[in-house]
Protein chains: 2
Amino acid sequence: MREHILDVAEELFATRGYYGVSIRQITQAAGIDVALINYYFGKKLELFRAVFDRRTEILSNWRTEALNATKAEAGSPEQSLEEIIRAFLLPLKIAQESGDAGWHHYLALLAHVITSAEWNKQLLPKVLDRRVGEFIEALRDRFPHARDEDLHWCYQYISGTLALTLAQTGRIDRLSGGLCKSTDFATAYEKMIPFLAAGCRAICGQEAG
Amino acid sequence: MREHILDVAEELFATRGYYGVSIRQITQAAGIDVALINYYFGKKLELFRAVFDRRTEILSNWRTEALNATKAEAGSPEQSLEEIIRAFLLPLKIAQESGDAGWHHYLALLAHVITSAEWNKQLLPKVLDRRVGEFIEALRDRFPHARDEDLHWCYQYISGTLALTLAQTGRIDRLSGGLCKSTDFATAYEKMIPFLAAGCRAICGQEAG
DNA sequence: TTGTATATTCAACAAATGTTGAATATATTG
DNA sequence: CAATATATTCAACATTTGTTGAATATACAA
């Protein structure tokens, strides 16, 4: 039942945000009584956190594993810029390969959280922010002479590019006359890697051998 | 009075979204009676549209002007990729040079709209979507052999990068330990141009002479 | 001044909101 | 079976929500 509630709330929060969804809309969509939210999760805000936290920790761990895996395989700490970016864009791969609608909903919610000052501060520091350090360190290995400032701007640009894709707004469908699809994470992923890698190289100076 | 209400509503909507702000919060912050919203704008949704529309048309026109200006100056339809991107990133320049807090609030709201499936569909087609065609055509001039699909993905990546910066979430401040600032549009703008230009070149094939 | 259009206040409405305590049902364990 | 823990329902609460009609004030024109 807990999982069922989380699934339903996840989808609704993803499409309309925290304030745009009422407890009663959630319980109605889930086919349960209003009081059950309080029984399982307490306040509405705690439900929201539960929804967010459920997949955030999993995702964060997978990302770190993906980042470390390439180091191990190569037999040296060296890894290509593309591999580092690939690890960061892992959410796209997860959602695509799992075929789980829940992951798609969660990622749209994640996009909402990343682009909102309010939720950003409340939800990201706990888990996600801590892993960003690993990612930036990996970038640092690739660009030994880059300024810390530039690496962080790169991170923000990468994060923004990813976020808008995760949001699945349907805008690219409209603009391209159906040529591209918001839900086509596979294509978005493949094209994003060379795009972002080239961007990083353009502003981070000489790359390590 | 109309403008005063729009200013106050703009700031609140930008920070908490449409559903996160009540009519009474707006009127209280503006120091006016609740009924005045209805008197000047009608329903809450119409106020929201009014807030969004006020600067959207202005911004959209300026963008088109910026795009055309470089063509005229060069005396030929040719313009560099960087100039095209510069025109698209104009919002950053406007907010920075005007020093107007209102523009900053509006742009945060714009970021919210761009990354939300719901508001995206309701607010963007009317004005902003129509201008995107001009931008993509300009890209097409630069990359005559690129596939339409790739140009649209480029657009989405550029749009996402811009959107997260417009959102001014304060995350880069936190992650960089204060080294970078969300509100520093000037730096974000300067670094974004080479970053995005390199990204486009990486996936759009041979550039026009 | 009077008359009129515009602006603002006041009070209230029905509906929706988050939350909770008590009652009831179901499952689990002895 | 009985006893106990877990799960679910029911009904209600105090607030807050968007919206509106009527009353009042202010500005402006004749």
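Residue numbering restarts at 1 for every chain, and letters A, B, ... go by the order of the sequence lines.
In this structure, A/Ile26 atom CD1 and C/dT17 atom C1' are separated by 12 Å, rounded to whole Å. Summarising the geometry, the separation between CD1 on B/Ile32 and P on D/dT26 is reported as 17 Å, rounded to the nearest angstrom. Between A/Tyr19 atom OH and C/dA16 atom P the separation is 22 Å, expressed in whole Å. As rounded to whole Å, 14 Å separates atom C1' of C/dA25 from atom CE of A/Met1. Counting to the nearest Å, the C1' atom of D/dT17 and the CD atom of A/Gln25 are 13 Å from each other. Taking atom CD1 of B/Ile5 as the reference point, atom C1' of C/dA7 lies 11 Å away to the nearest angstrom. B/Asp33 places its CG atom 17 Å from the P atom of D/dA22, with the value rounded to the nearest Å. One atom, CD1 of A/Ile37, and another, C1' of D/dT9, lie 14 Å apart when rounded to the nearest Å.
Using a 4.0 Å heavy-atom criterion, one finds that B/Tyr40 contacts the sugar-phosphate atoms exclusively.
For D/dT19, the OP1/OP2 oxygens have no side-chain nitrogen or oxygen of B/Asn38 closer than 4.0 Å. Taking 4.0 angstrom as the limit, A/Ser22 places none of its side-chain polar atoms (N or O) nearer than this to OP1 or OP2 of C/dA16. In terms of phosphate contacts, B/Lys44 brings no side-chain nitrogen or oxygen within less than 4.0 Å of OP1 or OP2 of D/dT17. Here A/Tyr39 does not reach the OP1 or OP2 of D/dT9: none of its side-chain N or O atoms lies under 4.0 Å away.
Cation-pi geometry between B/Lys191 and A/Tyr157 is not satisfied (NZ or CZ under 6.0 Å from the ring centre, within 45° of the ring normal).
Ring-plane geometry between B/Phe88 and B/Tyr155 is classed as perpendicular, the angle between the planes exceeding 60 degrees on a 0 to 90 degree scale with a lower cut at 30.
The side chain of B/Leu36 lies closest to C/dT9 when the candidates are C/dT19, C/dT9, D/dT8. Minimum atom distance to the side chain of B/Arg24 is reached by D/dT17, of the listed C/dG18, C/dT9, D/dT17. Candidate nucleotides C/dC10, C/dT20, D/dG18 were compared by shortest atom distance to the side chain of B/Ala35, and C/dC10 ranks first. Checking D/dC10, D/dA7, C/dT19 against the side-chain heavy atoms of A/Val34 singles out C/dT19 as nearest.
A salt bridge links A/Glu3 with A/Arg54: the closest approach of a Lys/Arg side-chain nitrogen to an acidic carboxylate oxygen falls below 4.0 angstrom.
The closest side-chain heavy-atom distance from B/Ile193 to B/Arg86 is below 4.5 Å.
Ring centers of A/Phe195 and B/Trp153: at least 6.0 Å apart, outside the cut-off.
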